[in-house]
S.K.: 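Sending over a structure as structure tokens; questions will come in a sec.
Just follow the structure's listing: the first ligand is 1, and inside any ligand the first atom is 1. Since the model is a prediction, treat every value here as computed from it, not as a measurement.
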Amino acid sequence: MSNPVRVTIVNVGYRSTNYWVVSAGTSRLLVDLGWPGTMGKMRANLRRMGVPLNEIRYGLATHYHIDHAGLAQELKQAGVPLLVLDAQVGAIPIMKAWTKPQDRYVDITVHDNVVISFPESRPVLERIGIPGEIVHTPGHSDDSVSLLLDDGSVFTGDLTHPALVGESSAAVVSASWRLLRERGATRVYPAHGSVRPMDAESIA
Ligand SMILES: [Zn+2]
């Protein structure tokens, strides 16, 4: 019988954005990857929360907006491989258009990322001791993904709160929330704001 290590979650976020470290013992995954030009801040927060950079097995951006993937390349240079879902590949070069020189954004190279499909996510996570999967949850952007752990914790990035869905993207956002609910999500770790229970009633 296997004896799974308990998964723990800590927030290393700053500037109104949550960056989550999911750990199974000393095997860790960083969910969302900082603002551009803030590697010093990220390093300091990881240190303060007791997370050695060299224990982070992958960085995962819930989507390629600069407050979520701004440090992806610098983290790679520091030894953290970038885990990219195939649905996200096209969004990576586009993100650069939203940066200004003073942001000190380091462009993400595309040849050295770990690109996987959604079905491959479970075995990839299993190899680093984290039981769960990565689910495609478009709505905020087409490249948005959520990390869903088997304990029901779900990291949803900027997926619009189900109660605040506007007219334009309502169907896509609602479908993403329905998918997460069907797959067992119970507790939401958003990129902005507080951890909250899944608000199942407000999901259309
Ligand atoms: Zn965003």
Side-chain angles (χ1 to χ4, degrees), residues 9 11-22 29-39 41-42 45 58-76 80 82-108 110 113 115-116 118 121 133-148 153-180 185 187-196 198-199 202-204:
I9 299 161
N11 188 356
V12 295
Y14 50 91
R15 284 174 60 183
S16 306
T17 311
N18 301 320
Y19 306 123
W20 302 102
V21 179
V22 179
L29 173 69
L30 177 60
V31 182
D32 282 335
L33 309 175
W35 291 83
T38 64
M39 193 62 189
K41 181 76 179 160
M42 178 63 86
N45 281 11
Y58 294 111
L60 171 71
T62 55
H63 60 294
Y64 282 81
H65 285 170
I66 57 163
D67 51 332
H68 297 263
L71 292 175
Q73 187 66 19
E74 284 157 278
L75 284 161
K76 280 162 60 180
V80 179
L82 180 61
L83 190 62
V84 178
L85 279 296
D86 47 16
Q88 298 183 305
V89 170
I92 293 177
I94 297 168
M95 184 174 71
K96 192 184 181 176
W98 301 96
T99 63
K100 298 182 279 305
Q102 61 266 34
D103 293 334
R104 291 177 293 136
Y105 169 66
V106 181
D107 207 2
I108 300 171
V110 294
N113 301 321
V115 181
I116 62 167
F118 289 99
S121 66
E133 62 181 328
I134 300 167
V135 182
H136 194 194
T137 49
H140 172 71
S141 66
D142 288 345
D143 70 317
S144 288
V145 307
S146 296
L147 169 67
L148 174 58
S153 304
V154 65
F155 301 82
T156 51
D158 286 351
L159 184 61
T160 315
H161 189 292
L164 303 175
V165 176
E167 289 287 307
S168 58
S169 60
V172 183
V173 172
S174 296
S176 291
W177 284 113
R178 278 199 303 275
L179 177 63
L180 292 174
R187 193 167 168 78
V188 178
Y189 291 76
H192 308 284
S194 307
V195 178
R196 62 177 193 262
M198 273 288 273
D199 185 2
S202 64
I203 297 171

S.K.: Residues two or more places apart in sequence or in another chain: which of them pass side chain to side chain donor-acceptor pair (under 3.5 Å) with S121?
M.R.: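 Partners of S121 by the side chain to side chain donor-acceptor pair (under 3.5 Å) criterion come out as none, since no residue qualifies.
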S.K.: Around the Zn ion (ligand 1), what protein N, O or S atoms are found below 2.8 Å?
M.R.: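 Hits for the Zn ion (ligand 1) below 2.8 Å: H63 NE2, H65 ND1, H140 NE2, D158 OD2.
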S.K.: side-chain contact (heavy atoms from CB on, under 4.5 Å) for L75 and Y58? Distances and angles first, verdict last.
M.R.: CA-CA 9 Å; L75 284 161; Y58 294 111; over 6 Å; no
S.K.: Can you tell me how far CD1 of I66 sits from CH2 of W98, rounded to the nearest 0.5 angstrom?
M.R.: 10.0 Å
S.K.: Tell me if the centroids of the rings in H68 and H140 come within less than 6.0 Å of each other.
M.R.: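 No: the rings miss the under 6.0 Å criterion.
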S.K.: What pairs with H136 under ring pair (Phe, Tyr, Trp, His ring centres under 6.0 Å), at least two apart in sequence or on another chain?
M.R.: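 F118.
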S.K.: Once ring pair (Phe, Tyr, Trp, His ring centres under 6.0 Å) is applied, do any residues pair with H161, and if so which ones, sequence neighbours excluded?
M.R.: none
